[in-house]
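Only one structure is covered here, and it is reproduced in the block below.
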Amino acid sequence: QVQLVESGGGSVQAGGSLRLSCRASLKFGSTYCMGWFRQGLGNEREGVATSAVYGTKTYADSVKGRFTISEDNAKNTLYLQMNSLKPEDTAMYFCAADLFNPSHVGCAVTDWVRPNFWGQGTQVTVSS
């Protein structure tokens, strides 16, 4: 059973920064795709950023240039550095992962929409 535990959420003012962490019970080198999703109140869940085992990273257009996804393989931890935060970034943020890719889905925010493993989420609130 894969476990993903997020941390780092909180409340910040617009323009501020937060770094989310996702500690995983799996080896990153054996994981096909990892990433971050978010769901704001009354909104559908959306992909924020992905990181593929072969190194490619993708971002939602709304966060490009402001958010950075990275990983520390030694710590089995995925990060999301969020800068220049806006009120519209307010949401519950979830870490997700897939070990394999039997359906040949691309590890990209536009394609990877149904990961098999999820964390419990961490709340990010940005005030104006």
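The figures here come from the full heavy-atom set of this structure, side chains too, leaving out hydrogens, waters and symmetry mates.
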Note to self: Please report the interatomic distance CE(Met82) to OG1(Thr68), rounded to the nearest 0.5 Å.
What the structure shows: 11.0 Å
Notebook entry, point to check: Quick one: CZ on Arg38 to CZ on Phe94, what's the gap to the nearest 0.5 Å?
Noted result: 12.5 Å
Margin query: For the aromatic rings, using the six-membered ring if either is Trp, is the centroid distance between Tyr59 and Trp36 under 6.0 Å?
Written below: no
Checklist line | Check ion pair Lys86-Asp89 (N to O, under 4.0 angstrom) | finding: no
Checklist line | Smallest separation among heavy atoms of Ser21 and Thr77, with atom names | finding: CB-CG2, 4.2 Å
Next item on the list: Could you tell me which non-hydrogen atom of Ser70 sits nearest to which non-hydrogen atom of Leu78, and how far apart they are?
Entry: O-CD1, 3.4 Å
Note to self: Same cluster or not: Val109 versus Ile69, using hydrophobic residues (I, L, V, M, F, W, Y) connected whenever any side-chain heavy atoms lie under 4.5 Å apart?
What the structure shows: no
Note to self: Check this for me: Gln3, atom CD, are more than 12 non-hydrogen atoms of other residues, nucleotides or ligands nearer than 6.0 Å?
What the structure shows: no
Notebook entry, point to check: If you take all heavy atoms of Ala14 and Pro87, which pair is closest and at what distance?
Noted result: CB-CD, 4.1 Å
Notebook entry, point to check: How far apart are the closest heavy atoms of Gln39 and Asn43, and which atoms are they?
Noted result: NE2-O, 3.1 Å
Check: Atom CG in Asp72, atom OH in Tyr79: separation rounded to 0.5 Å?
Finding: 5.0 Å
Margin query: Quick check: is Phe37 connected to Phe67 through a chain of hydrophobic side chains (ILVMFWY, heavy atoms under 4.5 Å apart)?
Written below: no
Notebook entry, point to check: With the 4.5 Å side-chain cut-off for hydrophobic clustering, are Phe100 and Trp118 part of the same group?
Noted result: no
Notebook entry, point to check: Within the distance-only criterion (no hydrogens, no angle test), does the side chain of Thr90 pair as donor or acceptor with the backbone N or O of Val126 below 3.5 angstrom?
Noted result: yes
Notebook entry, point to check: Hey, what do you get for CG (Asn83) to CZ (Arg19), rounding to the nearest 0.5 Å?
Noted result: 11.5 Å
Checklist line | For Val53, the rest of its hydrophobic cluster, which grows through side-chain links under 4.5 angstrom | finding: Tyr32, Tyr54
Next item on the list: Quick one: which residue pairs count as a disulfide (SG to SG under 2.5 Å) with a foot in residues 99-128, not counting sequence neighbours?
Entry: Cys33-Cys107
Margin query: Looking at every heavy atom in both Leu26 and Met34, which two are closest together, and how far apart are they?
Written below: CD1-SD, 4.3 Å
Check: How about Leu20 and Glu6: do any of their side-chain heavy atoms sit closer than 4.5 Å?
Finding: no
Next item on the list: Using side chain to side chain donor-acceptor pair (under 3.5 Å) as the criterion, point out the one residue from Asn101, Thr50, Thr58, Asp98 that pairs with Trp112.
Entry: Asp98
Item checked: From Asn116 atom CG to Arg114 atom CZ, the distance as rounded to the nearest 0.5 Å -> 11.0 Å
Item checked: Minimal non-hydrogen separation, Ser84 against Ser17, with atom names -> N-OG, 4.3 Å
Next item on the list: Output the distance between atom OH (Tyr93) and atom CZ (Arg45), rounded to the nearest 0.5 Å.
Entry: 14.5 Å
